[in-house]
Asks: 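Handing you a structure now.
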Amino acid sequence: MESRYKSFRYIEQLQSLVGETITLKGWVYNITGKGKLQFVMLRDGTGIAQCVVFKNNVGEEVFDNCKTLTQESSVEITGKVVASEKAPGGYEIDVTNINILSLSNDYPITPKEHGDAFLIEHRHLWLRSSRQMAIMRVRSAVMKAIRDFFDGNGFKLIDSPILTPNACEGTSTLFETEYFDLGKAYLSQSGQLYAEATALALGRVYTFGPAFRAERSKTRKHLTEFWMVEPEMAFFDINDDMDLAEDLVEYIVQYVLKTCQKELATLERDTRPLEKVKRPFYRMSYTEAVEWLVANDIPLIKNIDGVATEIRPFPWGEDFGTVQEEAIMEQFDKPLIIHRYPTDIKAFYMKRDPENPKVVLAMDMLGPEKAGEIIGGSQREDDFDLLLERIKKENLSEEEYKWYLDLRRYGSVTHSGFGLGAERVIKWITGAAHIRETIPFPRMIYRITP
Ligand code: 4AD
Ligand code: MG
């Protein structure tokens, strides 16, 4: 016998169900009407459908029940699917019966405007709003595109641990917890070190999971818990790494354009800039980027004794912030990779450029339309002595990184990888105002509920 759930029908299937009488299960998004006619906008997670309730078709009792429906009441609605140019989406339901499952009282999110604080406090309900549903559907497509891209290109998915004994991305942003008798453990900032070990076992791997940063950044681009995909490849140098990063981003954007037109329309996203996201992207070195900043009089902005102070010309060796990144990106309609950053501002594991040890073989990809940094990656230091020197210089424990050093002791090879922040990409593609709208339940320094 076929499973019952296979007979369920959904709003996204209406096009192929014209003429049939079906039952939809969902929630009342909105209800209007007068006299002998009621319009129930029903949502079921796959879309919103107009259900037309005509008193003469359903009878007095069903019609009177229908009038008691409120926003977000749950219902089963039976009726015939008809094509209708007037209906949103092009199809509507000629209702023959309504079964009320649960009436909702005083649903707090009404069609009127609510403040940001109110909405985020009610995130568990806010997710039912059409914009939020559209963003979550794009999120699902982005996650699938990422997995499909790697699975289809010879990569193996490996899962790196969340509880870790040491830091990957600096010791200042670690979430700490007691770990039995073994001292402190930290929530993973990045699966990279484990990805490196598995790349030297399996060749091409990716890890995809949550990453945690106890970062005191109250920006529109920072979460304390975000999802990062991290490919790691044996025998890839920095150029191979950049090529792969471009291929991945092109694939994600084009996949979303192909599969999420309805969602992007709901979000009123102008898709023309996204259509341009095809390889090759742009590339420049950090040094070239600094030259551009200097030539265009873009200063470094430094907090000196609590005062934002502009320093000109932009000094070589300083990291870029939002101001510099957005200024540089204004010239570009596609992502830009900036490579070869100063050694002193980048992580210990990055390989120094053999042609200039002042810089490392690092690369960041910046998105257009103020997307900011969406990818950070590098070729890894594969020389045992140089890596040990960097570990010591950063005051990291040699003992704790012993296993990581082993990777340079036994069959060390050129290898590279990068991390792509899924929410940064979803924010860019959807045009969401704040990164908190791109993850179901955002974690930020000032919020851990709901
Ligand atoms: O540049 P990051 O810190 O690089 C790493 O973690 C490397 N270990 C990755 C690797 O080479 N395997 O982070 C990578 C990306 C950033 O470019 C950004 O997109 C995202 O992760 N990211 C964040 N997203 C949201 N909130 C935050 N607080 C983020 N921090 C980084
Ligand atoms: Mg980075």
Side-chain angles (χ1 to χ4, degrees), residues 139 142 146 150 155 158 160 164 166-175 186-199 204-233 236 238 240-242 244-245 248-249 252 286 319-322 325 335-339 341-342 345-351 360-367 370-381 404 415-429 432 434-439 442-445 447:
R139 177 184 173 94
V142 166
I146 290 170
F150 288 114
F155 284 70
I158 59 110
S160 51
T164 58
N166 44 24
C168 179
E169 295 301 322
T171 49
S172 63
T173 62
L174 289 167
F175 280 110
Y186 308 97
L187 297 183
S188 174
Q189 298 165 308
S190 157
Q192 180 196 319
L193 307 187
Y194 299 97
E196 285 185 55
T198 45
R204 284 162 297 164
V205 300
Y206 70 105
T207 174
F208 194 4
F212 304 86
R213 305 269 170 103
E215 213 156 4
R216 300 211 158 262
S217 316
K218 280 195 202 164
T219 77
R220 292 168 177 270
K221 289 181 189 144
H222 285 87
L223 293 164
T224 55
E225 177 178 324
F226 62 97
W227 281 67
M228 180 159 53
V229 62
E230 295 178 275
E232 191 71 32
M233 300 74 65
F236 274 46
I238 185 72
D240 303 319
D241 204 33
M242 293 192 281
L244 184 78
L248 171 64
V249 170
I252 296 171
Y286 167 88
D319 209 353
F320 301 149
T322 310
E325 286 177 358
L336 163 75
I337 294 181
I338 301 181
H339 52 84
Y341 283 82
I345 58 169
K346 286 290 185 186
F348 72 96
Y349 52 72
M350 295 181 177
K351 187 176 177 64
V360 281
L361 298 175
M363 60 103 170
D364 279 2
M365 187 188 289
L366 309 180
K370 299 194 186 335
E373 180 195 326
I374 55 175
I375 283 182
S378 67
Q379 185 172 329
R380 319 306 190 187
E381 184 53 77
Y404 184 63
H415 64 290
S416 302
F418 61 82
L420 171 140
E423 289 78 16
R424 294 266 177 98
V425 171
I426 297 160
K427 179 178 184 297
W428 165 38
I429 294 178
H434 194 294
I435 197 165
R436 67 182 164 213
E437 294 185 37
T438 65
I439 186 164
R443 299 290 175 248
M444 295 168 288
I445 43 175
R447 175 160 299 280

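When a ligand or atom number is given, it counts from 1 through the structure's own listing order.
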Asks: Under 3.5 Å, is there a donor-acceptor pair between the side chain of T219 and the main chain of K221?
Replies: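 Looks like yes, one N/O pair under 3.5 Å.
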Asks: Rounded to the nearest 0.5 Å, what separates atom OG1 in T198 from atom CD in E232?
Replies: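 Going from OG1 on T198 over to CD on E232, the span is 8.0 Å.
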Asks: Taking any residue with a non-hydrogen atom under 4.0 angstrom from an atom of ligand 1, which ones do you get?
Replies: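 Ligand 1 is contacted, at a heavy-atom distance under 4.0 Å, by E169, S190, Q192, R213, E215, K221, H222, L223, F226, M228, E230, Y349, E373, I374, I375, G376, G377, R380, G417, F418, G419, G421, R424, I435.
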Asks: Give me the ring orientation class for W227 and F208: parallel if the planes are under 30° apart, tilted from 30 to 60°, perpendicular past 60°.
Replies: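 Because their plane-to-plane angle is over 60°, the rings of W227 and F208 count as perpendicular.
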Asks: Keeping the roles fixed (side chain from R380, backbone from H415), state whether a donor-acceptor pair exists under 3.5 Å.
Replies: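 No: the side chain of R380 does not pair with the backbone of H415.
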Asks: Under a 3.5 Å distance rule, please check whether S188 uses its side chain to pair with a backbone N or O of T164 as donor and acceptor.
Replies: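 Such a contact is absent between S188 side chain and T164 backbone.
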Asks: Can you tell me how far CG of L223 sits from CZ of R443, rounded to the nearest 0.5 angstrom?
Replies: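 Result: 10.5 Å between the selected atoms.
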Asks: Distance alone, cut at 3.5 Å: any donor-acceptor contact between the side chains of E230 and S190?
Replies: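 A pair is found: one side chain offers a donor N or O, the other an acceptor, under 3.5 Å apart.
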Asks: Could you check whether the rings of F212 and F175 sit parallel, tilted or perpendicular, using 30° and 60° as the cut-offs?
Replies: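 Ring orientation, 0 to 90° scale: perpendicular.
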Asks: What is the total of protein N/O/S atoms that are closer to the Mg ion (ligand 2) than 2.8 Å?
Replies: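 Total protein N/O/S atoms under 2.8 Å from the Mg ion (ligand 2): 1.
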Asks: Evaluate F418 against M228 for side chain to side chain contact (heavy atoms under 4.5 Å, CB included), listing each step before the verdict.
Replies: CA-CA 10 Å; F418 61 82; M228 180 159 53; over 6 Å; no
